[in-house]
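Naming convention: chains lettered A, B, ... in sequence-line order (proteins, then strands); numbering from 1 in each chain.
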There are 2 protein chains.
Amino acid sequence: MGRSSHEQALQNRSKIVDRASKLFRKFGVDSVTVSDIMKSMGMTAGGFYKHFDSKDALVREAVTLSFEQASNFWAGIAEGSGNAGVASASIVQQYFKRRPPDQTCPILAFAGHVASESAGPLACSAYRAGAKRLFAQFIGKQPECKQNAEVMFAAMIGAGFLAHTLNDDKWVRAVQAAVETTATRNTASD
Amino acid sequence: MGRSSHEQALQNRSKIVDRASKLFRKFGVDSVTVSDIMKSMGMTAGGFYKHFDSKDALVREAVTLSFEQASNFWAGIAEGSGNAGVASASIVQQYFKRRPPDQTCPILAFAGHVASESAGPLACSAYRAGAKRLFAQFIGKQPECKQNAEVMFAAMIGAGFLAHTLNDDKWVRAVQAAVETTATRNTASD
DNA sequence: TGTACATCAGTGAACGCGCGTTCACTGATGTAC
DNA sequence: TGTACATCAGTGAACGCGCGTTCACTGATGTAC
């Protein structure tokens, strides 16, 4: 097979990022090879470097895309809720729902790679920006009870982190339930 | 240099686990090679396999040791406090204090490795047991406000996780502060 | 106590494997006339 | 519209490097007589 059209090539590039985003979130960045990604598209590894300078450059884009999707998802939840407090509680509720592994929260999915030495600078800064963005979105426009919202954010991430790392021991599910009911109770008392 | 005495060999074995525990916590399991560890003892990589079957076997022991140390540290904090609620607040407070990187909380330090595909079964089960143990220790013997304690545990881990992954952006420090003051406030109102 | 032998902790070089990356090549696409 | 040429997306083999692990070997330690 020879050359693709320019338009086709651009589509392929996007598809690489999309596939990478899903594979990385499901298996972890370091467990997914460039070859894995290209194979999942029915292509060979060599062509990858016609689109990206390095794997790190791809990770950067995959991280950015993942955070964008998560951000849109959260925005959709918030839109369906009334005030900002209810929105936070709804996000927590959704956050603990089982989702396909390739849609794992990017804050959790890419943390292992970002924390390791092998993480490139591009991926790190994209992660930083994405995490901050989700945080700001969660806090929303409720400066009055900001401290409480911060705690709930930490609790949500913490419980999600434990579930992700230990894949659902019983006690972790209890922690998630406690966080969820606390989030909704806080809302009710506002 | 030839053979060491039996006693010396046992000491060396312990020292390997100790060094590994520190290096793994500081740089991450996958960033530290068997050769790194042995070199830090002034030895060569080959001798490692006289003590351990595999790197995974070492990781298992390093994880166990790390959790043991963390557990003892928490116990020391709890002993200095009055009731169980105060103990939890004190642990949160200590948890956010800056510590040498080679003493990073094992729940955070080994999470990336455990979550990845490359993690061996030995390391995983040791991690699982250690995390559960620390959780039980945090909750302590206060069944009356267990749900609140669970939330604070999740918040503590979540804020610590963010700090570990993002190494201290300003907003993360704010989250830590919010969790800490909430933990102590909860205690006061009990 | 001294001697001969077996054991085995540690050495250092080499192996094997996986993965990121490179490179010469192919042939369809795009372009200039 | 047709032809000749340049471009370049994708191929597939190979390279280079790092790391976990193996192995023949060394020489001090431990043991049997």
Give a yes or no on whether a salt bridge exists between A:E61 and A:R13, defined as a side-chain N under 4.0 angstrom from a carboxylate O.
yes
Paired with D:dA28: which nucleotide, if any, by Watson-Crick or G-U wobble criteria at under 3.5 Å for both distances?
C:dT7
Just name whichever nucleotide pairs with D:dT1, Watson-Crick or G-U, keeping both distances under 3.5 Å, else none.
none
Atom-to-atom span, CG of A:D56 to P of C:dC19 - whole angstrom:
18 Å
Should the pair A:F135 and A:F153 be assigned to parallel (<30°), tilted (30 to 60°) or perpendicular (>60°) ring geometry?
perpendicular
What integer distance in Å separates B:D30:CG from C:dG20:P?
14 Å
B:K132/A:D169 ion pair, N-O < 4.0 Å
no
How many Å lie between CZ on B:F24 and C1' on D:dG20, as a whole number?
12 Å
Determine, for A:D168 against A:R98, whether the closest basic-nitrogen to carboxylate-oxygen distance falls under 4.0 angstrom.
yes
Mind checking who D:dG12 pairs with, Watson-Crick or G-U wobble, both distances under 3.5 Å?
C:dC23
Between CZ of A:F52 and C1' of C:dT22 the distance, given in whole Å, is 18 Å
CD of B:E117 versus P of C:dC19: gap in Å, rounded?
12 Å
Side chains of A:S118 and A:S116: do they bring a donor and an acceptor to under 3.5 Å?
yes
Mind calculating the distance between CZ (A:R3) and P (C:dA28) to the nearest angstrom?
12 Å
Does atom CG (B:N72) have a neighbourhood of more than 12 heavy atoms from anything else shown, all under 6.0 Å?
yes
Under 4.0 Å from OP1 or OP2 of C:dG10: is there any side-chain N or O of B:H51 that close?
yes
May I ask you to say whether A:D56 pairs ionically with A:R60, meaning some side-chain N is under 4.0 Å from a carboxylate O?
no
Between NE2 of A:H6 and P of C:dG27 the distance, given in whole Å, is 23 Å
Return the value, rounded to whole Å, for the distance between atom CG of A:L10 and atom P of D:dC8.
13 Å
Per B:K55 side chain, nearest of listed nucleotides C:dA9, C:dT21, D:dT21:
D:dT21
Residue-level proximity of residues 34-50 of chain A to DNA chain C when a heavy atom falls under 4.0 Å
A:V34, A:G46, A:Y49
Below 4.0 angstrom from OP1 or OP2 of D:dG10, is there any side-chain N or O of A:N12?
yes
